Number of protein chains: 2
Amino acid sequence: MSLRHAVLGMLAEGPASGYDLLQIFKDSLANVWPATQSQIYTELTKLAETGLIEVSDEGPRGRKEYTLTAAGLAEVRRWLTETEPKPVARNDMLLRVFCLGVLEHDQAHDYLSDIEDRMTKAGARLTELETSIEWDDDPFSIYGHIALEWGKRFYAMNQDWAQWALTQMPPPKR
Amino acid sequence: MSLRHAVLGMLAEGPASGYDLLQIFKDSLANVWPATQSQIYTELTKLAETGLIEVSDEGPRGRKEYTLTAAGLAEVRRWLTETEPKPVARNDMLLRVFCLGVLEHDQAHDYLSDIEDRMTKAGARLTELETSIEWDDDPFSIYGHIALEWGKRFYAMNQDWAQWALTQMPPPKR
DNA sequence: ACATTCATGTAAGTAGTTACATGATTCT
DNA sequence: AGAATCATGTAACTACTTACATGAATGT
């Protein structure tokens, strides 16, 4: 149940409305912890009920700005220091690799070559994103940058691997 | 809904029972597509109802061996060639990196240093696994090996990144 | 005889997705 | 006046997890 902690963690940066959080989840967290609008608003209501956050301001159009309470901050810290990160799992792309044996040689080749292409592009997109952001020297900026670097390395690794994988494919039948 | 395809994909390698599949998911697919016993049996029943697989043999202790039907094989191929792999998402470890600003410098340092350690160990475990398996030259073995190589590279990348991240941390307060 | 492994199934709960529904404010 | 953006909420569904429940066959 890490959406709860994702929301709390973002509110630790400062007060925000559901709509504000939605933008954060769309921009910074899209590749880290995807969340839908419906999920975010539901979670905010629940968090407010349990007292981990509270409505600190109300604006136009029914806007509600939430602030982390002391209990909420303590919970973020507890989560970070006393619980272990769940290992990444569910890799659709890799699952498919396991099944490539059912395809014709050429189709399997296309699949891997497509992956390589996709990863190259995804890496380039991140590099672009990196240059478009003015990086500050506050912690959120620094850790955000560290996370982005992970993405760049991840895509580079995938790209190299896909290229290598093509050289490892079984020879065409017949 | 890729569990469906994971099951179909594994049955494409040959007939298997729910119990057999459970072992495969525990051994080979644990880091690619985790699935519980309850999920697998439920999915097998549904797949049999829709005619993508069928019971091809019954053994002792109520064992039911399932075989992919022609429709099932076609579905695996369609999935592999006509649908796109979903990009990897939900990275608990990275989500936490975004939140490290709420911790004391030393605690954040410990977190990253823990990650480095964990990744080193995970990589070593995979290398061990690799040597413990007798690799064949059939497609499943080859593609399985390609997938395992991904894991090795993934952990190596994470390890390097965590090491680098430690050098990028904001200086300790005061 | 007892433990382990093989073998399946269901129920209840949590998390996540998609779709629906509404309306105020701001900008051009 | 109309479009875009801001802003929230709910309902129905799908996917996944945890726990419960049972029992046959095999190995020691």
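Chain identifiers are assigned alphabetically (A, B, ...) following the order of the sequence lines, protein sequences preceding nucleic acid strands; residue numbering begins at 1 within each chain. Note that the coordinates shown come from a computational prediction; the quantities given were computed from them, not determined experimentally.
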Angle by which the axis turns from one end of the helix from C:dA1-D:dT28 to C:dT28-D:dA1 to the other, five pairs per end, to 10 degrees: 30°
Please report the interatomic distance CD(B:Gln163) to CG(B:Leu112), rounded to the nearest 0.5 Å. 11.5 Å
Could you give the distance from CZ (A:Arg77) to CG (A:Leu8), rounded to the nearest 0.5 Å? 12.5 Å
Does C:dG9 have OP1 or OP2 under 4.0 Å away from a side-chain N or O of B:Tyr41? no
Below 4.0 Å: OP1/OP2 of D:dA7 and any side-chain N or O of A:Arg63: yes
Indicate the atoms forming the closest heavy-atom contact of B:Val76 with B:Gly9, along with that distance. CG2-N, 4.2 Å
As a test of understanding, state which of B:Leu52, B:Ile24, B:Leu21 forms a side-chain contact (heavy atoms from CB on, under 4.5 Å) with B:Val7. B:Leu21
Have a look at A:Met119 and tell me which of A:Asp160, A:Asn158, A:Asp114 forms a side-chain contact (heavy atoms from CB on, under 4.5 Å) with it. A:Asn158
[atom1] of [X] versus [atom2] of [N]: gap in Å, rounded?
| X | N | atom1 | atom2 | value |
| --- | --- | --- | --- | --- |
| A:Ile40 | D:dT10 | CD1 | P | 15 Å |
| B:Arg4 | D:dT14 | CZ | P | 12 Å |
| B:Leu44 | D:dA15 | CG | C1' | 16 Å |

Please work out whether the ring planes of A:Trp150 and B:Phe154 are parallel, tilted or perpendicular, with thresholds of 30° and 60°. perpendicular
Partners of B:Phe140 by ring pair (Phe, Tyr, Trp, His ring centres under 6.0 Å), sequence neighbours excluded? none
Residues which pass ring pair (Phe, Tyr, Trp, His ring centres under 6.0 Å) with B:Trp79, listed by chain and number, not counting sequence neighbours: B:His5
With a 4.5 Å cut-off on side-chain heavy-atom distances among I, L, V, M, F, W and Y, is there a chain of contacts connecting A:Leu103 to B:Leu73? yes
Would you call A:Lys152 and A:Glu149 a salt bridge, using N to O less than 4.0 angstrom? yes
Qualifying residues under side chain to side chain donor-acceptor pair (under 3.5 Å), relative to [X], sequence neighbours excluded:
| X | result |
| --- | --- |
| A:Asp92 | A:Arg96 |
| B:Gln23 | B:Lys26 |
| A:Trp161 | none |
| A:Arg78 | A:Glu75 |

Using a 4.0 Å cut-off on heavy atoms, which residues in residues 7-27 of chain B reach DNA chain C? List them by number, or say none. B:Ser17, B:Gly18, B:Tyr19
Do any of residues 54-62 of chain A sit with a heavy atom less than 4.0 Å from DNA chain C, and if so which? A:Pro60, A:Arg61
Find out whether [X] and [Y] are in side-chain contact, i.e. whether some heavy atom of one side chain is under 4.5 Å from a heavy atom of the other.
| X | Y | answer |
| --- | --- | --- |
| B:Leu11 | B:Leu44 | yes |
| A:Leu80 | B:Gln107 | no |
| B:Tyr143 | A:Pro170 | yes |

Could you verify whether a donor N or O on one side chain and an acceptor N or O on the other, from B:Asp110 and B:Ser113, lie under 3.5 Å apart? no
Go through residues 77-89 of chain A and report each residue with a non-hydrogen atom lying under 4.0 Å from DNA chain D, sorted by number. none
Report all interatomic pairs (protein N or O, nucleotide N or O of nucleotides 1-4 of chain D) with separations under 3.5 Å.
none

Grab the N/O contacts between the protein and nucleotides 15-20 of chain C below 3.5 Å, and write none if there aren't any.
{"from": "C:dG16", "atom 1": "OP2", "to": "A:Gln39", "atom 2": "NE2", "distance (Å)": "3.2"}
{"from": "C:dT17", "atom 1": "OP1", "to": "B:Arg90", "atom 2": "NH2", "distance (Å)": "3.4"}
{"from": "C:dT17", "atom 1": "OP2", "to": "A:Gln39", "atom 2": "OE1", "distance (Å)": "3.2"}
{"from": "C:dT17", "atom 1": "OP2", "to": "B:Arg90", "atom 2": "NH2", "distance (Å)": "3.4"}
{"from": "C:dT18", "atom 1": "O4", "to": "A:Ser38", "atom 2": "OG", "distance (Å)": "2.8"}

